[in-house]
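Heads up, the thing below is written out as structure tokens.
Since this is a predicted model, take the numbers as computed values, not measurements.
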Amino acid sequence: PAELSQCIPYFLFSDEGRGYRKSPLLVWAFEACFGIKTREVYERATANKELDAHARALACLDAQQHTAKYSSLKSRFLLAVLPHGWYKKPRAHVYYALVDAISSKCADLFTTGVSLQGKQFYGALIGIKGDSPALTKAGRLNRAYNRLGHDSGMCPLCMGGKLSVPWEDMRDSAVWRTTIGLKRPWTGTPEIQQIPSSVSAPELLFRNDSFHVVKIGIGRHFCASVLVMLSAWGMWPGVAGDDKKNFSDRMDRAYRDFKYCCAHELGGASPHVKAFTRDTLHFSNESSYPVAGWKGADTMLVLRFFVRLLRYGATDGQSARPGVALVDGTEDPFKKGMLTAMLDGSCALVKY
């Protein structure tokens, strides 16, 4: 398309869900980048202002806020649903026939477009969202999370995970930064590549969305670790002596504090998780690594709970917080550093 003003950006979304009797099913949908109030926000930001084209473009970008309320049918549009029996082996060909059909239609939407009131509009795909298994399958990726340890690379965007390219390196000078877009993460031409996208780095089409990355990803790991460590240090009222050895009692006290926070400090929020237990945290013994098993919404409630807990102290589940930060209750430099890191991490994840 020659005119960007006639292009409508959108995302594709693929993920597994649960259907009848909780059996797995696969969903494909597309999602508008413009929210219901995009125009209202843009006009308010640019009203009575002399702005050049660049400033207006930035204002339009800021106004592209996803619709976060009302029915999802107003912003997310269903393309296909497949029952598990029709996309697992030996019927994987059905899945790729579906991807091929969707890709063909998306390519046509970009090149031919649709007419509305005598004007032509075109759909511009700017990303495919989903969890790692969904993206790996949709793009037939040979560098992905499940390849770690085989010298195949574990990132579709760079060569991180190869023996000479450590993927855990978070420094600005990390080697993987120099390999972004260096080599395609697939062989042949996957069905999804019918859709026009970046010529220099088409793998940038695959996006990790915030829900999978944080709410049911690193956020659940972080929350579980913080709960286990704070309970081990006896941070809740009533934990003393032999009680420190009783994980269930310590978690009961932690959950009572969490419930108090939801009811009195988070506007009467109703968490889905009903208890903090070894099962909830997948913490079978003290040598295992905890990760929470609750819903994504509960991750955000627990993180906001941590902010109040670490800043103003713990409660017994009935009375107000003492107003003393947990870091002020210890002289141990290691604990002080860890408590500060917990607060910083909680605030950063909530802000993100």
I'd like a table of donor-acceptor pairs (distance under 3.5 Å, sequence neighbours excluded) in which one partner is a side-chain atom from residues 51-59, with atom names and distances.
residue	atom	partner	partner atom	Å
Asp52	OD1	His54	N	3.2
Asp52	OD1	Ala55	N	2.7
Arg56	NH1	Tyr42	OH	3.3

inquiry  = I'd like to know if the side chain of Asp279 pairs up with that of Thr277 as donor and acceptor (distance under 3.5 Å, no hydrogens or angles considered).
reply    = no

message = Do Ser231 and Arg250 pair up side chain to side chain, a donor and an acceptor below 3.5 Å, judged on atom types alone?
response = yes

Restricting to non-hydrogen atoms, name the atom on [X] and the atom on [Y] that form the minimum distance, rounded to 0.1 Å.
X: Arg143; Y: Pro156; answer: NH2-O, 3.0 Å
X: Leu25; Y: Pro83; answer: CB-CA, 4.3 Å
X: Gln120; Y: Thr112; answer: NE2-O, 2.8 Å
X: Gln318; Y: Tyr260; answer: O-CE1, 3.6 Å
X: Val99; Y: Glu191; answer: CG1-CB, 3.9 Å

Please set out all donor-acceptor pairs under 3.5 angstrom arising from side-chain atoms of residues 130-137, sequence neighbours excluded.
residue	atom	partner	partner atom	Å
Asp131	OD1	Ala134	N	3.0
Thr136	OG1	Ser132	O	2.7
Lys137	NZ	Tyr87	O	3.2

Heavy-atom count around [X] [atom1] within 6.0 Å, excluding the residue itself: above 12?
X: Lys22; atom1: NZ; answer: no
X: Arg39; atom1: CZ; answer: no
X: Lys335; atom1: NZ; answer: yes

query = Is a salt bridge present between Glu286 and Arg278, judged by a nitrogen-to-oxygen distance below 4.0 Å?
reply =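 Counted as a salt bridge, because a side-chain N and a carboxylate O are separated by less than 4.0 Å.
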
Do [X] and [Y] share a hydrophobic cluster, counting only Ile, Leu, Val, Met, Phe, Trp and Tyr and linking them when any side-chain heavy atoms are less than 4.5 Å apart?
X: Leu303; Y: Val213; answer: yes
X: Tyr96; Y: Ile128; answer: yes
X: Phe13; Y: Phe211; answer: no
X: Phe121; Y: Phe11; answer: no
X: Leu281; Y: Val291; answer: no

message = Side chains of Thr46 and Lys49, heavy atoms from C-beta outward: is any pair under 4.5 Å?
response = no

ask   = Are Ser14 and Leu26 close enough that some pair of their side-chain heavy atoms sits under 4.5 Å apart?
value =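 Sidechains of Leu26 and Ser14: in contact.
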
message = Could you go through Phe77 and Tyr10, starting from their C-alpha distance and side-chain angles, then the distance that decides it, and tell me whether this counts as ring pair (Phe, Tyr, Trp, His ring centres under 6.0 Å)?
response = CA-CA 11 Å; Phe77 307 94; Tyr10 70 97; over 10 Å; no

Only pairs under 3.5 Å count here: list side-chain donor-acceptor contacts from residues 162-170, not counting sequence neighbours, and write none if there are none.
residue	atom	partner	partner atom	Å
Lys162	NZ	Asp151	O	2.9
Asp169	OD1	Arg171	N	3.0
Asp169	OD1	Arg171	NE	3.0
Asp169	OD2	Arg171	NE	3.3
Asp169	OD2	Arg171	NH2	2.8

inquiry  = With ring pair (Phe, Tyr, Trp, His ring centres under 6.0 Å) as the rule and sequence neighbours excluded, what pairs involving residues 300-345 come up?
reply    = Phe258-Phe305

query = So which of Ile8, Val114, Ile195 actually passes side chain to side chain contact (heavy atoms under 4.5 Å, CB included) with Leu109?
reply = Val114

Side-chain donor/acceptor pairs under 3.5 Å, residues 261-273, sequence neighbours excluded:
residue	atom	partner	partner atom	Å
Glu265	OE1	Arg321	NE	3.1
Glu265	OE1	Arg321	NH2	3.2
Glu265	OE2	Arg321	NE	2.9

Residues 336-351, side-chain donor-acceptor partners within the protein, below 3.5 Å, at least two apart:
residue	atom	partner	partner atom	Å
Lys336	NZ	Val327	O	3.0
Lys336	NZ	Thr330	O	3.1
Thr340	OG1	Lys336	O	2.9
Ser346	OG	Met342	O	2.8

